[in-house]
Each structure stands twice: as C-alpha cells, then as structure tokens.
Amino acid sequence: MTHGGGAGDGGGESNRLVGGVGGRGASPEGDESAGALQERHRARLLHNSRLSVKIVEDHCDVLPLIYRQIGAKTLPFDNLALVHFDSHPDLLAPEQLQADHVRCTATLFHALSIENWILPAVYAGHFSTVVWVHPEWADQIPDTTEPKAPYTCYVGKDPVSGTLKLTCPEDYFLSSLLYCPLESLVPPHVPLKLHVINGSHNYASYYIKRITSSHKYILDIDLDYFSTMNPFKKIMTAEDLDIIKKLYRFEPPRDRLDKNEVRKCVNYRRAQLETLEMIVLKGAPVPEEYGGLARVLGRYPPETVHNAGLTFDTSELPHHVTGELQLKTMFNEFSRITREACSTAGCKPALVTVARSSLPDAEYCPRHQVDSIQYRTIQSLEDGGFPLISIEYHYDIEPSS
C-alpha cells in the first residue's frame with residue numbers, strides 16, 4: 001500500500017528544498033505594488049522549477065501516481081517518453097489482464113506486478129518511447145546502437161488470448177511468450193520505440209539527451225540500478241537453481257528474422273512451459289528425465305520453483321551487490337548523465353519516480369544498502385542540476401530504533 005497525498009491535496013508530502021519560496025501577498029488596501037507582483041512572479045517561477053520526486057517501494061506503484069498526474073493535466077496524455085534506470089526491463093505484460101481492460105484503472109492496477117507495469121501504459125497510448133538504461137551487469141535485452149536506431153515495434157491485442165503482445169522478436173519477449181507477428185495482432189496496434197542503453201558507457205548522456213530534448217518525459221529510477229540481488233539466490237541453493245535452469249532454459253531461434261523459425265521457437269517454448277506447469281504447479285508425475293526436479297519440489301513451494309524457472313531465458317536475473325568504490329563511480333556517472341542529458345534547457349523531466357524494491361519477499365535492492373542509495377540518488381539529482389526538489393514518500397517508513 002502506498003502512502004501519500006494525491007495531486008493537489010498535499011497529504012503525506014515532505015519537501016526537500018534548497019532555497020525558499022517567497023511572496024508577501026496583497027497590500028492592506030487590496031492593491032499590489034510592483035514589488036509585490038515581482039515577488040509573486042518569482043514565487044511562481046520557483047514553484048514551477050521544483051522537480052517533483054515520488055518514491056515508492058514496489059516499482060509498479062509508480063503507475064497510479066503517473067496516471068494521477070495525467071488526470072491532473074500536469075503530464076500530457078500521450079507521446080510521453082519513459083527514461084527507465086533499472087537492472088530489469090520491467091517490459092513483460094500481466095498474464096491475466098485483457099487488453100480491452102487496460103483503460104479500466106481499477107482492473108489494471110490490481111493486475112500489475114513489478115515486472116509488467118510499462119507495456120499497459122504503452123497500449124493505453126501514454127508512453128510512445130521507452131529508454132531502458134541498465135547497469136553493466138544487466139543484459140536481458142541487447143543494446144540499441146544509436147538514438148536513431150531503436151527497436152521499433154507494436155503493442156497490441158492477441159487474437160486468441162485477448163492479452164497484450166508485441167512484435168519485438170528478442171529473446172526476452174520470445175521466452176515469455178509475448179511475441180506476436182504484426183499481421184496477427186488485433187488492430188489498433190500502438191507503436192513503441194524501445195532504446196536500450198548501458199548507463200556506464202561514455203555515450204549514454206548524449207544518447208539520452210537526444211531523446212529528452214525532443215519529448216516530455218518521466219525520469220524513472222529503480223534503486224536496484226545501483227546494486228541488485230537475485231532474490232531466488234537467497235532462498236534456494238545454487239545446485240537447485242541449476243536443476244531448474246536446465247529444465248526451463250530457453251532455446252532461441254536460429255534466425256529471428258525468419259518468421260517461420262520464430263514461430264517454431266514460440267511453439268516449442270509454449271509446449272515446454274505447459275509441460276512444466278503441469279508437473280510443477282498441478283502435481284503431474286515427474287518424469288525420470290527431469291532429474292532432480294522431484295527433490296527440488298520437495299524443498300520449496302511449487303510457485304517458488306516455477307517463478308524461479310521463468311527468470312531463465314538466454315540470461316538470468318542479474319545479481320550484483322555493488323561495493324562502495326563502484327557505487328561512488330556509478331553515482332558520479334549518474335550525476336553526469338542527469339546534468340548533461342536531463343537538466344539543461346528544454347530537457348528537464350516532467351516527473352521523477354523512484355522505486356526502492358527492497359521488501360523482504362522481493363529484495364532486489366539490498367536492504368542494508370537501500371536507504372543510503374536512496375539518499376545518494378536524491379543528492380545526485382541535486383548535484384546533477386536540480387537544486388529544488390519536492391519529495392513525496394509513498395511507502396511505509398520504518399521508525400528508527
């Protein structure tokens with residue numbers, strides 16, 4: 001559950017401001033002097049120059065806040081870009097959400113999870129461009145080479161299941177059964193430009209600025225961008241994870257430009273996952289060739305085993321608990337990117353959203369680091385050119401002991 005006021009009600013808001021906002025109001029006679037008018041104008045400029053930062057725990061909880069801002073007309077309804085710093089793409093789709101229900105916010109928000117909150121907003125027409133900025137240890141989707149060469153794909157409705165699919169044949173989408181050829185999607189299809197950038201590369205700020213200078217955009221930061229854990233490694237042994245990996249491993253198509261090869265790949269993957277669901281989730285007998293799976297199922301809940309298996313395609317969930325020296329380097333890079341690509345004239349984000357991702361049952365950003373990383377992220381935004389920051393905390397803040 002999130003905590004904090006909505007747009008305009010001021011509830012739950014905590015402001016961290018460098019500098020004050022002045023304003024003396026009207027004179028006793030009811031007329032404003034030239035000085036008072038200047039002061040009011042200055043106050044309005046200062047208010048408009050504040051960078052609004054909204055911090056949540058689960059990453060999917062940023063979407064209701066974004067929709068609230070769209071409803072309040074402080075964000076445009078369409079053609080938004082999302083600049084998404086994260087160790088994970090978060091570009092899956094809710095399995096149980098029908099595409100026709102994307103615009104029903106109660107149904108949508110109930111269906112969301114941390115890995116699938118972006119594509120519904122694309123299909124609803126809000127995001128036309130997504131920029132996934134990843135750390136060097138995350139490689140779920142290959143990098144795009146330059147700002148003018150993103151993955152250009154379409155998001156639409158599957159004719160059979162009625163759920164969201166897209167036309168990008170990269171392994172991340174193929175292994176999750178999200179791929180659908182354009183000619184099979186039910187119209188209308190919504191175009192998406194997807195950029196994938198390594199945030200540690202020297203060209204990152206130039207690449208991002210090409211996008212931030214031409215779009216209204218949201219700067220979105222998952223704190224696990226700076227340090228991340230694979231939570232399954234915390235609850236399962238390496239040996240058991242290796243058994244699961246071998247069974248769930250995804251075999252990519254030999255030629256992803258060949259639609260027949262891609263179709264065969266998807267059909268094989270669907271059959272593979274259906275068989276594993278029957279065994280793992282529905283209790284069908286474990287075949288002898290699935291060596292070790294029966295023992296694994298005796299040690300963990302079936303849902304845990306299956307969810308762990310779904311994290312394996314041609315890569316796996318990143319796991320990199322970052323040391324202090326590397327953290328300093330990363331925050332220097334992050335400050336440079338925000339200074340060069342986000343804070344120059346015409347490039348300021350319309351909103352900043354931050355996800356902590358540190359709850360015990362989904363600990364991606366290590367709990368022993370998350371508060372320090374959050375503080376340094378805000379500090380880096382200030383150092384990167386945003387001296388006025390208004391912060392809302394939309395999560396339970398644990399009292400200090």
Side-chain angles (χ1 to χ4, degrees), residues 58-60 82-95 112-122 127 129-145 149-153 155 164-180 192-201 204 207-208 220-233 241-242 244-253 256 262 265-266 269 272-273 306-322 330 355 357 362-366:
D58 285 342
H59 210 154
C60 54
L82 182 74
V83 180
H84 174 64
F85 285 79
D86 200 321
S87 279
H88 312 89
D90 295 350
L91 286 168
L92 301 182
E95 288 184 11
L112 294 180
S113 187
I114 56 174
E115 75 283 354
N116 61 28
W117 61 274
I118 297 175
L119 283 186
V122 173
F127 299 145
T129 301
V130 174
V131 186
W132 178 38
V133 188
H134 63 86
E136 61 185 6
W137 56 79
D139 61 356
Q140 297 94 313
I141 304 174
D143 286 358
T144 49
T145 54
Y151 297 105
T152 301
C153 55
V155 179
L164 291 177
K165 304 287 185 180
L166 80 169
T167 62
C168 183
E170 290 300 318
D171 292 349
Y172 176 84
F173 303 110
L174 292 173
S175 67
S176 302
L177 301 178
L178 281 182
Y179 171 79
C180 184
L192 169 65
K193 291 183 178 179
L194 172 61
H195 303 261
V196 181
I197 306 169
N198 185 331
S200 65
H201 283 182
Y207 197 149
I208 295 169
D220 175 70
I221 307 156
D222 195 313
L223 299 185
D224 74 14
Y225 172 81
F226 299 100
S227 183
T228 192
M229 296 172 59
N230 178 344
F232 293 104
K233 289 190 174 184
L241 280 173
D242 191 55
I244 295 170
K245 178 179 179 178
K246 289 176 181 177
L247 295 175
Y248 280 82
R249 183 75 176 178
F250 169 69
E251 292 295 331
R256 68 187 68 255
V262 171
C265 165
V266 170
R269 179 63 167 175
Q272 176 192 18
L273 292 182
H306 189 63
N307 289 338
L310 293 177
T311 67
F312 296 109
D313 42 49
T314 49
S315 62
E316 56 187 87
L317 281 180
H319 184 88
H320 182 95
V321 179
T322 310
M330 292 187 73
S357 300
E363 186 180 352
Y364 290 92
C365 186

With rounding to the nearest 0.5 angstrom, report the CZ to CG distance, F85 to L223.
12.5 Å
What one should report as the nearest heavy-atom pair of P89 and H84 is O-NE2, 3.3 Å
If every non-hydrogen atom of T167 is compared with every non-hydrogen atom of P169, which pair is closest and at what distance?
O-CD, 3.3 Å
If I compare all heavy atoms of C60 with all of S113, which pair ends up nearest, and what's the gap?
CB-O, 3.3 Å
Taking atom NZ of K233 as the centre, report whether more than 12 heavy atoms of other residues, nucleotides or ligands fall under 6.0 Å from it.
yes
Is it the case that D143 and H134 place a side-chain donor and acceptor less than 3.5 Å from each other?
yes
Can you tell me if Q140 uses its side chain to pair, donor with acceptor, with the backbone of P318 under 3.5 Å?
no
Give, for atom NE2 of H59 and atom CD1 of I221, the distance between the pair rounded to the nearest 0.5 Å.
9.0 Å
Residue pairs, two or more places apart or on separate chains, that pass salt bridge (Lys or Arg N to Asp or Glu O under 4.0 Å) and touch residues 164-178
D171-R256
Hey, are D222 and S357 close enough side-chain-wise for a donor-acceptor pair under 3.5 Å?
yes
For D139, enumerate each residue passing the side chain to side chain donor-acceptor pair (under 3.5 Å) test, keeping only those at least two apart in sequence or located in another chain.
none
Judged by modelled atom types alone, do Y248 and T311 share a side-chain donor-acceptor pair under 3.5 Å?
no
What one should report as the nearest heavy-atom pair of Y179 and V262 is CE2-CG1, 3.4 Å
Donor-acceptor pair, side chain of S227 and main chain of T322, under 3.5 angstrom
yes
Please report the C-alpha distance between W117 and D90 in whole Å, then the side-chain angles of each, then the deciding distance to 0.1 Å, and finally whether the side-chain hydrogen bond (donor to acceptor under 3.5 Å, both in side chains) criterion is met.
CA-CA 7 Å; W117 61 274; D90 295 350; 3.3 Å; yes
Measure the shortest side-chain to side-chain distance between L273 and R269 over non-hydrogen atoms and say whether it is less than 4.5 angstrom.
yes
Between H195 and Y151, is the ring centre distance below 6.0 Å?
no
Intermediate values then yes/no, side chain to side chain contact (heavy atoms under 4.5 Å, CB included), D224 and D86
CA-CA 6 Å; D224 74 14; D86 200 321; 3.0 Å; yes
Output yes when a side-chain donor or acceptor of E115 lies under 3.5 Å from a complementary backbone atom of A93, and no otherwise.
no
Whether the side chain of W132 engages the backbone of I197 through a donor-acceptor N/O pair (distance < 3.5 Å, no angle test) should be reported.
no
Testing the basics here: between I141 and L194, what is the closest heavy-atom pair and its distance to 0.1 Å?
CD1-CD2, 4.5 Å
Whether T228 side chain and H319 backbone form a donor-acceptor pair below 3.5 Å:
no
Write down the atom of A308, the atom of I244, and the distance for their closest heavy-atom approach.
C-CG2, 4.3 Å
Please confirm whether the ring centroid of H88 lies under 6.0 Å from the ring centroid of Y364.
yes
With rounding to the nearest 0.5 angstrom, report the SG to CZ distance, C168 to F173.
5.0 Å
Start with the C-alpha gap between S175 and F312, add the side-chain angles, then the distance that decides, and say whether side chain to side chain contact (heavy atoms under 4.5 Å, CB included) holds.
CA-CA 9 Å; S175 67; F312 296 109; over 6 Å; no
